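These numbers come from the heavy atoms of this one structure, side chains and all, not from hydrogens, waters or symmetry mates. The structure displayed is predicted, hence computed values, not measured ones.
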Amino acid sequence: MHTFQPYPIDLLEFNPFTKLKNEWALVTAGNKKKYNTMTVSWGGVGVIWGKNVVYIFIRDSRYTKEFIDDGEFFSVSYFSKDYHPALVYCGAHSGREEDKFEKAGLTPAFRHSIPYPDEANFVFLCRKMAAIPMPEETFLDKDIQEKWYQDGDMHTMYVGEIMEVMAR
């Protein structure tokens, strides 16, 4: 197990454009008995409702969505480039059929009973604040539906308050 320390959010040097778009992250939810993780590359960080937040987008078909919907907390974890193959694996396989942590070579860890991969460089521990479905009629740019949702597998946007940042 790695040693994580709480990290002051106001000292965080974080470029969401490179972290999410190019490097990706894992979102993990569940409890100590049952949890799942998946790769995310859509989302961001910011301030809303007076809170420091992350927002992520998860398709209706994803197994991890069930864990986020059923729970109050989730984590968003970022890794060194050495773990890119693990993130590719977690984005291409479903936890319904297998233990993705084991298959991707990741170790489950917990803080405040919130699961996260121990191999991460830093982790946002989040409390779910909102789950906002994104049906077709919400898109003002109609090209979005044609380009991203031809199969009808829509996203829900989750907003999570960043309760704690941990870094190695």
Side-chain angles (χ1 to χ4, degrees), residues 14-49 51-79 81 83-106 108 113-117 119-120 122-163:
F14 178 84
N15 183 334
F17 298 102
T18 57
K19 284 293 182 201
L20 281 172
K21 183 178 179 185
N22 300 331
E23 297 176 24
W24 310 338
L26 290 180
V27 60
T28 308
N31 56 47
K32 288 183 178 182
K33 293 181 183 176
K34 193 170 182 183
Y35 48 84
N36 198 55
T37 193
M38 65 173 271
T39 304
V40 290
S41 62
W42 288 11
V45 297
V47 178
I48 189 170
W49 306 311
K51 307 280 186 181
N52 296 320
V53 300
V54 299
Y55 53 95
I56 55 173
F57 298 82
I58 300 180
R59 289 191 186 271
D60 293 341
S61 64
R62 297 302 298 257
Y63 185 51
T64 303
K65 184 179 186 309
E66 297 175 24
F67 291 88
I68 291 178
D69 287 342
D70 289 343
E72 183 179 358
F73 304 100
F74 63 91
S75 65
V76 180
S77 306
Y78 299 87
F79 298 79
K81 291 179 182 175
Y83 286 93
H84 190 74
L87 275 73
V88 169
Y89 188 89
C90 289
H93 295 84
S94 174
R96 284 186 181 99
E97 288 86 35
E98 64 183 35
D99 180 345
K100 285 201 299 188
F101 269 82
E102 180 181 336
K103 296 282 187 170
L106 299 172
S113 298
I114 304 169
Y116 66 92
E119 290 77 9
F122 73 93
V123 178
F124 293 136
L125 298 176
C126 304
R127 180 183 63 84
K128 185 174 63 177
M129 296 177 69
I132 304 158
M134 299 178 64
E136 180 179 352
E137 58 270 13
T138 63
F139 301 129
L140 302 177
D141 179 343
K142 296 305 174 192
D143 292 339
I144 293 171
Q145 179 69 28
E146 185 176 319
K147 182 174 182 178
W148 299 102
Y149 300 103
Q150 288 182 355
D151 62 358
D153 191 11
M154 306 306 284
H155 279 98
T156 297
M157 179 176 72
Y158 294 92
V159 179
E161 175 186 3
I162 301 170
M163 300 179 338

- Item | Partner set under side chain to side chain donor-acceptor pair (under 3.5 Å) for Tyr158, not counting sequence neighbours | Lys65, Asp69

- Rounded distance [0.5 Å steps], CZ in Phe74 versus OG1 in Thr64: 12.0 Å

- Phe14 and Phe124: aromatic ring centres closer than 6.0 Å? yes

- Are any of the side-chain heavy atoms of Val45 and Asn52 separated by less than 4.5 Å? no

- Applying salt bridge (charged side-chain N to carboxylate O under 4.0 Å, His left out), run through Glu66 and Arg96 and close with a yes or a no. CA-CA 11 Å; Glu66 297 175 24; Arg96 284 186 181 99; 3.1 Å; yes

- With sequence neighbours left out, what residues match Arg127 under salt bridge (Lys or Arg N to Asp or Glu O under 4.0 Å)? Glu161

- Enter the distance from Trp24:CH2 to Cys90:SG here, rounded to the nearest 0.5 Å. 11.0 Å

- Message: Restricting to non-hydrogen atoms, name the atom on Cys126 and the atom on Ile114 that form the minimum distance, rounded to 0.1 Å.
- Response: O-CD1, 4.5 Å

- In terms of heavy-atom contacts, Ala86 and Ala104 come closest through CB-O, 3.5 Å

- Quick check: does any side chain N or O of Asp153 sit under 3.5 Å from a backbone N or O of Arg59, one acting as donor and the other as acceptor? no

- Would Val123 and Val76 count as a side chain to side chain contact (heavy atoms under 4.5 Å, CB included) if you check the C-alpha gap in whole Å, the side-chain angles of each, and the deciding distance to 0.1 Å? CA-CA 6 Å; Val123 178; Val76 180; over 6 Å; no

- Note on the structure: Heavy-atom nearest pair, Pro115 first then Gly30, reads CD-O, 3.7 Å

- Close aromatic pair by centroid cut-off 6.0 Å: Trp42 and Trp148: yes

- Apply side chain to side chain contact (heavy atoms under 4.5 Å, CB included) to the pair Met129 and Lys51, showing each step before the final yes or no. CA-CA 10 Å; Met129 296 177 69; Lys51 307 280 186 181; 3.8 Å; yes

- Interatomic spacing from CD1 in Ile162 to CG in Leu125 - rounded to 0.5 Å: 10.0 Å

- Between Lys100 (side chain) and Thr37 (backbone), is there a donor-acceptor pair under 3.5 Å? yes

- Query: Is any side-chain heavy atom of Ile56 closer than 4.5 Å to a side-chain heavy atom of Met157?
  - Reply: no

- Item | Shortest non-hydrogen contact from Asp99 toward Phe101 | OD1-N, 3.0 Å

- Query: Any side-chain heavy atom of Leu26 sitting closer than 4.5 Å to one from Val40?
  - Reply: no

- Going from OG1 on Thr28 to OH on Tyr116, what distance comes out if it is rounded to the nearest 0.5 angstrom? 11.0 Å

- Task: Could you tell me whether a side-chain N or O of Thr39 sits under 3.5 Å from a main-chain N or O of Gly91, the two making a donor and an acceptor?
- Result: yes

- Give the ring-plane orientation class for His155 versus Phe57, where under 30° counts as parallel, over 60° as perpendicular and anything between as tilted. perpendicular

- Message: Test of understanding: with salt bridge (Lys or Arg N to Asp or Glu O under 4.0 Å), list the residues that count as partners of Glu23, not counting sequence neighbours.
- Response: Lys19

- Query: Roughly how far, to the nearest 0.5 Å, is CZ of Phe79 from CG of Leu87?
  - Reply: 5.5 Å

- Query: Which value, rounded to the nearest 0.5 Å, describes the distance between Met154 atom CE and Tyr149 atom OH?
  - Reply: 5.5 Å

- Message: Using a 3.5 Å distance criterion without hydrogens, assess whether the side chain of Lys142 forms a donor-acceptor pair with backbone atoms of Phe139.
- Response: yes

- Heavy-atom pair with the smallest gap, counting every atom of Asn36 and Gly95: OD1-CA, 3.3 Å

- May I have the step-by-step check of side chain to side chain contact (heavy atoms under 4.5 Å, CB included) for Ile48 and Val53, ending in yes or no? CA-CA 7 Å; Ile48 189 170; Val53 300; 3.6 Å; yes

